[in-house]
Amino acid sequence: MSKTVEVARTAYRVIADYMGTKPGEKVVIVVDTRTSPSIPEMLAAAAHSIGADPVVVMMTPRAKSGMEPPEPITAAMVKADVVIAAASRSMYHIEAKNLAKLAGARGVFNAPFEEDGWMNGAMTADFLELRKLAERLRDRLARGKRAHVTSPAGTDVEMVIEGRKPVGWLTGVCRNRGEVSAYPGGEVSLPPLEGTTEGRVVIEHVMTDIGRLAQPITWIVEKGEAVRFEGGVEALALEAHIEGVKNARNIAELGIGINPMSRLIGGITEVKKKLGTAHMALGDSAAGYGGKVTSDVHLDGMILNVRIEVDGEVIAENGRILV
């Protein structure tokens with residue numbers, strides 16, 4: 001089977017099954033110059049085949065994940081019924097997404113930008129089936145007050161989650177007005193209460209905008225902020241990347257992966273959905289995500305072989321979700 005046919009199969013499932021796109025709906029597909037051409041082509045073809053009206057918009061890659069797109073792209077998303085963003089920098093934690101959501105658009109604001117990500121691994125999972133586990137995990141987190149995350153690599157961090165509404169549990173199935181998610185489906189996440197996260201977060205394998213890690217980056221966290229980074233050249237790169245960026249040290253997210261098809265590859269978009277892993281983020285926790293901190297960055301980092309307790313109850317351990 002050709003690559004184009006495999007991408008087309010996934011694209012049709014996204015447009016028809018997961019988005020529930022209807023004839024006459026406006027589908028805005030956002031890419032940048034790094035995106036594999038087959039992705040917008042097959043998404044547009046799928047939308048056209050069911051009578052929807054697809055529009056593909058391309059931009060220059062943003063310098064950092066979490067930066068706003070050009071104003072014409074924001075305007076297109078706000079006017080859309082369905083949005084699929086497959087740019088090389090995540091558009092999930094941006095104000096433009098929030099504006100589109102408030103206007104009634106539904107869709108995904110971070111999806112794989114390389115062809116392989118639409119053919120193999122996490123995107124081949126059944127997101128409708130994953131939704132069942134996601135809903136159970138959402139309900140357990142919603143009842144929680146405190147979370148404690150540990151890992152063999154040295155992560156040992158606690159945070160208050162009371163009152164924070166879990167997000168991300170849609171697993172990429174967005175059929176109703178204002179529902180937004182990210183691809184591949186397969187995480188449940190929330191922003192910790194500002195100023196409450198304390199401890200050490202040891203980031204392994206990959207981090208947003210930094211890439212694959214030759215050695216871990218340790219965040220020393222006090223009162224909800226990363227006050228120091230320890231590690232090799234990647235730790236220095238992270239320091240340089242956020243230099244001068246307002247609120248970039250805020251602990252913005254705890255996410256839990258639930259996708260059994262996710263691979264430990266080079267891009268965090270797929271890796272952070274891997275079953276039994278966690279990711280935590282620096283920077284923005286607002287823009288419709290549920291937190292109160294705004295920033296021009298949102299940077300996820302992986303925690304492998306994670307153990308997570310909520311109010312003393314183990315909900316994730318040994319690669320399994322225990323809810």
Side-chain angles (χ1 to χ4, degrees), residues 64-66 93 141 144-168 187-210 213-257 268 272 277-287 289-316:
K64 299 178 176 66
S65 293
H93 295 273
L141 290 173
K145 296 181 178 180
R146 293 189 66 88
H148 183 200
V149 183
T150 57
S151 76
T155 292
D156 190 346
V157 64
E158 295 191 57
M159 67 207 72
V160 175
I161 61 171
E162 186 173 12
R164 285 299 161 90
K165 186 177 180 180
V167 297
E187 74 167 270
V188 181
S189 56
L190 49 70
L193 190 68
E194 290 78 12
T196 67
T197 306
E198 298 273 351
R200 295 168 59 87
V201 180
V202 181
I203 300 302
E204 309 164 73
H205 189 72
V206 66
M207 184 171 175
T208 303
D209 291 0
I210 306 302
L213 305 180
Q215 67 182 90
I217 302 173
T218 299
W219 307 349
I220 307 300
V221 181
E222 298 175 4
K223 297 179 180 178
E225 293 200 343
V227 297
R228 188 168 75 254
F229 301 121
E230 298 175 352
V233 294
E234 292 95 350
L236 296 174
L238 176 57
E239 286 274 11
H241 193 64
I242 66 171
E243 178 67 29
V245 179
K246 184 180 178 182
N247 294 329
R249 293 177 179 270
N250 173 60
I251 303 302
E253 176 185 356
L254 169 63
I256 303 171
I268 196 163
K272 70 178 182 177
T277 66
H279 56 277
M280 293 186 69
L282 300 171
D284 192 273
S285 66
Y289 188 63
K292 298 179 180 178
V293 176
T294 60
S295 178
D296 281 342
V297 297
H298 181 92
L299 308 175
D300 291 307
M302 289 303 303
I303 308 170
L304 306 179
N305 304 311
V306 73
R307 185 178 196 268
I308 302 175
E309 297 178 30
V310 173
D311 303 330
E313 176 188 353
V314 179
I315 65 165

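Please read all numbers here as calculations on a predicted model, not as lab measurements.
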Exercise for the section: Run the numbers on Glu230 and Arg228 for salt bridge (charged side-chain N to carboxylate O under 4.0 Å, His left out), then give the verdict. Expected result: CA-CA 7 Å; Glu230 298 175 352; Arg228 188 168 75 254; 3.1 Å; yes
Handout entry: Closest approach of Ser285 to Ala252 (non-hydrogen atoms, all atoms of both residues)
Key = CB-O, 3.6 Å
Exercise for the section: Could you tell me which non-hydrogen atom of Arg249 sits nearest to which non-hydrogen atom of Phe229, and how far apart they are? Expected result: NH1-CE1, 3.5 Å
Completion exercise
Taking every heavy atom of Ile308 against every heavy atom of Ala278, the minimum-distance pair comes out as CD1-CB, 4.2 Å
Problem - Results of side-chain hydrogen bond (donor to acceptor under 3.5 Å, both in side chains) for Asp209 - residues two or more places apart only - result: Ser65, Arg89, His241
Fill in the blank from the handout: Taken in chain and number order and not counting sequence neighbours, the residues that satisfy side chain to side chain contact (heavy atoms under 4.5 Å, CB included) with Glu309 are His148, Arg307, Val314
Problem - Pairwise side-chain contact, Met280 with Thr155, heavy-atom cut-off 4.5 Å (strictly under) - result: no
Problem - Minimum side-chain heavy-atom gap Leu304-Ser151 below 4.5 Å - result: no
Exercise for the section: Calculate, to the nearest 0.5 Å, the distance between atoms CD1 and OG1 belonging to Ile210 and Thr208 respectively. Expected result: 9.0 Å
Handout entry: By side-chain hydrogen bond (donor to acceptor under 3.5 Å, both in side chains) - contacts of Asn305 (at least two apart)
Key = none
Handout entry: Shortest non-hydrogen separation from Trp219 to Leu299 and the atoms involved
Key = CH2-O, 4.4 Å
Problem - Smallest separation among heavy atoms of Ile242 and Ala248, with atom names - result: CB-CB, 3.6 Å
Fill in the blank from the handout: Nearest heavy-atom approach of Pro166 to Val188 is CB-CG1, 4.0 Å
Handout entry: Under the side-chain hydrogen bond (donor to acceptor under 3.5 Å, both in side chains) test, residues paired with Thr150 that sit two or more places apart
Key = none
Completion exercise
Residues passing the side-chain hydrogen bond (donor to acceptor under 3.5 Å, both in side chains) test with Glu158, sequence neighbours excluded, are none
Practice task
Kindly indicate, with the supporting measurements, whether the criterion side-chain contact (heavy atoms from CB on, under 4.5 Å) is fulfilled by Thr218 and Val201.
Solution key: CA-CA 6 Å; Thr218 299; Val201 180; over 6 Å; no
Practice task
Determine whether Leu141 and Ile161 make a side-chain contact, defined as any pair of heavy atoms from C-beta on separated by less than 4.5 Å.
Solution key: yes
Exercise for the section: Mark yes or no for whether His279, through its side chain, and Asp300, through its backbone, hold a donor-acceptor pair below 3.5 Å. Expected result: no
Fill in the blank from the handout: The reported gap from CD in Glu243 to CG in Leu238 (rounded to nearest 0.5 angstrom) is 11.0 Å
Exercise for the section: Hey, could you give me the CD1/CG distance between Ile256 and Leu190, rounded to the nearest 0.5 Å? Expected result: 7.5 Å
Practice task
Would you indicate whether the side-chain heavy atoms of Glu162 and Val160 approach each other to under 4.5 Å?
Solution key: yes
Problem - Straight-line distance of Ile268 CD1 to Met207 CE, nearest 0.5 Å - result: 7.5 Å
Practice task
Supply the atom-to-atom distance Thr277 OG1 to Ile303 CD1, rounded to the nearest 0.5 angstrom.
Solution key: 9.0 Å
Practice task
Without swapping roles, check the side chain of Asn247 against the backbone of Thr294 for a donor-acceptor pair under 3.5 Å.
Solution key: yes
Exercise for the section: For residues Ile203 and Leu213, determine if any side-chain heavy atom of one lies less than 4.5 Å from a side-chain heavy atom of the other. Expected result: yes
Handout entry: Expected output: side-chain Asp284 to main-chain Asp296 donor-acceptor under 3.5 Å
Key = no
Fill in the blank from the handout: Distance col, row Ser189:OG vs Leu254:CG, nearest 0.5 angstrom, shows 8.0 Å
Practice task
Could you note down all residue pairs passing side chain to side chain donor-acceptor pair (under 3.5 Å) where residues 191-206 supplies at least one of them, sequence neighbours left out?
Solution key: Arg164-Glu194
Practice task
Using a 4.5 Å cut-off on heavy atoms from C-beta on, say whether the side chain of His93 contacts that of Glu253.
Solution key: yes
Handout entry: Test item: Glu234 side-chain N/O and Ala214 main-chain N/O as donor-acceptor pair under 3.5 Å
Key = yes
